[in-house]
Amino acid sequence: MKKVLIATVKPFAPAAVEGIKEVLDKAGYEMVLLEKYESPDEWKKIAADVDAMIIRSDKATADIIEAASNLKVIVRAGAGYDNVDLDACSKKGVVAMNTPGQNSNAVAELAFGMMLYHVRKAFDGTSGTELRGKKLGIHAYGNVGKFVAEIARGFGMELYAFDPFVDNAAIEKEGIKPLKSEQELYKTCDFISLHIPSNEKTKKSIGYDLLSLMPKKGALVNTARKEVIDEDGLLKLMAERDDFSYLSDVAPDCRGEIESKYPGRYVFTAKKMGAQTAEANINAGIAAATQIVNYLEKGDTTFQVNK
Ligand code: 3PG
């Protein structure tokens, strides 16, 4: 009987685990659940004899991949796979996949939750501002960016986007103005919603030079990855401009400094919450389980992210 391990330090909603189990039961597979584990060693031990793994932001290091000697496929239930050592997977002949789009709406909704919380002054009873009529810049127009645009239209925001990998005509068709450069986007928009992946090219790519272009009362909304921010540059700007704010679902390493020095100019979630809804967990979890079954039974490699 094939074994599938769900290794999630931040567990899926119970309904998602039930959904995953149903898919695996139907295929005649056994599900092994490892939630809230305290060390990679705990994961390593239990991974030793599994055929497949489903993870979230859990760090699938070379060490874990090597310890899983029977592993054939690992699926990151979510979009970003910067937490998976793809080289280690490829070296071992393990297929690595993600489940693009499955949790995008949840992430987009959180971006607006953070914006509203910020412009309404954390609902503290004082007078805030509105999103209507403000300029929203979507930095990377992928699955999350599309949901952000859809919600922003309801709020009556003016929409701009920058994405060198997407055809401008496709962006324009959605009533969004495509801009030619990151610089233009940051210069134009009151809010920037960040959706770039974290990789060697993008790490620390958002820093002082770009952020200082933002108009007065500008705010960066980061539901992507903390690694894409150059925190020295961010801190420099926060110190220089008392009108600039940083809203992030992935609190920066300099969280303590920002919290102590700049009240009212930040929103940080308790832990990464973007995809933390029952719906997103069900969508991504079931997609992951289905992809595993399709790969192990039919060799289907749709959504493979390693070579
Ligand atoms: C993603 O890349 O899909 C999101 O960042 C979600 O991450 P999570 O599954 O750890 O919540």
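Ligands are counted one by one from 1 in listed order, and the atoms in each one are counted from 1 as well. Please read these numbers as outputs of a predicted model, since none were measured by experiment.
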Any idea which atoms of ligand 1 are less than 4.0 Å away from a heavy-atom of [X]?
| X | result |
| --- | --- |
| Asn103 | 1 (C), 3 (O), 6 (C) |
| Ala275 | 6 (C), 11 (O) |
| Gly78 | 3 (O) |
| Arg225 | 1 (C), 2 (O), 5 (O) |
| Gly80 | 1 (C), 2 (O), 3 (O) |

Exercise for the section: Consider ligand 1: state whether an atom of it lies below 4.0 angstrom from any non-hydrogen atom of Lys272. Expected result: yes

Taking [X] for its side chain and [Y] for its backbone only, find out whether a donor-acceptor pair lies under 3.5 Å.
| X | Y | answer |
| --- | --- | --- |
| Glu42 | Leu34 | no |
| Arg225 | Ser198 | no |
| Asn306 | Val94 | yes |

Exercise for the section: Check each of Leu136, Val148, Ile176 against Arg153 using the side-chain contact (heavy atoms from CB on, under 4.5 Å) test, and report the only one that passes. Expected result: Ile176

Problem - Passing candidate, side-chain contact (heavy atoms from CB on, under 4.5 Å) with Ile206, options Ile196, Leu234, Ile192 - result: Ile196

Problem - Winner among Arg56, Lys10, Arg76 once heavy atoms are compared against atom 1 (C) of ligand 1 - result: Arg76

Fill in the blank from the handout: For residues 181-209, the ring pair (Phe, Tyr, Trp, His ring centres under 6.0 Å) pairs (sequence neighbours left out) are His139-Tyr186

Completion exercise
closest protein heavy atom to atom 3 (O) of ligand 1 is Ala79 N, 2.6 Å

Practice task
Give the residue and atom name of whichever protein heavy atom lies nearest to atom 10 (O) of ligand 1, and the separation in Å to one decimal.
Solution key: Ser57 OG, 2.4 Å

Problem - Pi-cation contact, Phe244 with Arg241 (under 6.0 Å, within 45°) - result: no

